[in-house]
Amino acid sequence: MNIIQRFTLTGSVAVITGGGRGIGRAMALAYAEAGADVVLAARTLSDVEAVAEDVRGLGRRALAVQCDVNDAEQRAALITQAREHMGRITHLVNNAGGAGPNDPLTLTVERFEEIMRFNVSSAYHLTQLCVPHMREAGCGNIINITSGAARYAQTQFSAYGTAKA
């Protein structure tokens, strides 16, 4: 077996949040190029539909799902749809997240908690939802996308840096 064959993802199914642009789009295409089928989730359906079309162009199956990861019911529906449409789940990429600049002295506790839910709690819940399917499939992995903001202090990004760390 050559080195490329060792990294094949043929038969795998990856669920990727924030899959409509940037890192999420790149991850979806990389998974597809390696042989995986891909479930793309984002708040903007047209974004993930466009990436799904690109994935299909690579010869892989793709499902585009509108999902706001801030909503627990939408997260659960995403995983249900992924499992029903693809038959299995073997990979999860928790890519959705973000937060704008803030003044840590005036940022409310409520807004701080919203940022933590968007970047941390949503990924935790998606992990809980996917792991049973990965166990059933006999394999799986989870990638949580972080940021350079987790490694260094940056003014006006205290909440985002904390969440990504």
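- Criterion: ILVMFWY side-chain heavy atoms under 4.5 Å apart, direct or through other members. Under it, Tyr31 and Leu29 are part of a common hydrophobic cluster.
- Between Ile142 and Val131, some side-chain heavy-atom pair lies under the 4.5 Å cut-off.
- Between Ala82 and Val39, the shortest heavy-atom distance links the atoms CB-CG2, 3.8 Å.
- A heavy-atom distance below 4.5 Å is found between the side chains of Val93 and Ile145.
- Leu107 and Met116 end up in the same hydrophobic cluster when Ile, Leu, Val, Met, Phe, Trp and Tyr side chains are linked at under 4.5 Å.
- Atom OG1 of residue Thr17 and atom CZ of residue Arg43 lie 10.5 Å apart, to the nearest 0.5 angstrom.
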Show your working on side chain to side chain contact (heavy atoms under 4.5 Å, CB included) between Glu136 and Arg83 and close with a plain yes or no.
CA-CA 11 Å; Glu136 179 183 322; Arg83 177 68 171 83; 2.5 Å; yes

Decide side chain to side chain contact (heavy atoms under 4.5 Å, CB included) for Ile79 and His133; before the verdict, give the C-alpha distance in whole Å, the side-chain angles of both, and the deciding distance to 0.1 Å.
CA-CA 9 Å; Ile79 301 311; His133 298 294; 3.8 Å; yes

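- By the rule that hydrophobic residues join a cluster once side-chain heavy atoms approach within less than 4.5 Å of another member, Val120 and Ile16 end up as members of separate clusters.
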Determine, stepwise, if the pair Leu126 / Leu78 fulfils side chain to side chain contact (heavy atoms under 4.5 Å, CB included).
CA-CA 9 Å; Leu126 283 163; Leu78 164 65; 4.2 Å; yes

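- Of all non-hydrogen atoms in Ala159 and Ile115, the two that sit nearest each other are CB-CD1, 3.6 Å.
- Here the side chain of Ser122 pairs no donor or acceptor atom with the backbone of Asn70 at under 3.5 angstrom.
- Closest approach of Thr90 to Ala137, counting heavy atoms only: CG2-CB, 3.8 Å.
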Run the side chain to side chain contact (heavy atoms under 4.5 Å, CB included) check on Arg88 and Cys139 step by step: do they pass?
CA-CA 10 Å; Arg88 65 191 309 205; Cys139 63; 4.2 Å; yes

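- The shortest non-hydrogen separation linking Ala32 to Leu58 is CB-CD1, 3.9 Å.
- Of all the heavy atoms in Asn144 and Ala123, the pair that sits closest is OD1-CB, 4.1 Å.
- Heavy-atom neighbours of Glu73 CD from other residues, nucleotides or ligands within 6.0 Å: at or below the threshold of 12.
- With rounding to the nearest 0.5 Å, the separation of CG in Asn141 from CD1 in Ile143 is 5.5 Å.
- No continuous path of hydrophobic side-chain contacts links Phe118 to Tyr160 [ILVMFWY only; heavy atoms under 4.5 Å].
- Between the side chain of Gln5 and the main chain of Asn2, a donor-acceptor pair closer than 3.5 Å is present.
- Note on Val69: it does not cluster hydrophobically with Val38, by side-chain heavy-atom contacts below 4.5 Å among ILVMFWY residues.
- Counting only residues at least two apart or in different chains, salt bridge (Lys or Arg N to Asp or Glu O under 4.0 Å) contacts with residues 121-132 are absent.
- One distance of note links CG of Asn94 with SG of Cys130; it measures 7.5 Å at 0.5 Å rounding.
- Side chain of Gln66 to backbone of Leu45: no donor-acceptor contact under 3.5 angstrom is found.
- Remark: Arg25 CZ to Asp54 CG distance equals 5.0 Å, nearest 0.5 Å.
- Of all non-hydrogen atoms in Leu40 and Ala28, the two that sit nearest each other are CD2-CB, 3.4 Å.
- Here the straight-line distance linking atom CZ of Arg60 with atom CG of Asp37 works out to 4.5 Å at 0.5 Å rounding.
- Between Val13 and His91 there is no side-chain heavy-atom pair separated by less than 4.5 Å.
- At least one donor-acceptor pair closer than 3.5 Å links the side chain of Arg56 to the backbone N or O of Ala62.
- In this structure, Arg75 CZ and Thr80 OG1 are separated by 13.0 Å, a value rounded to the nearest 0.5 Å.
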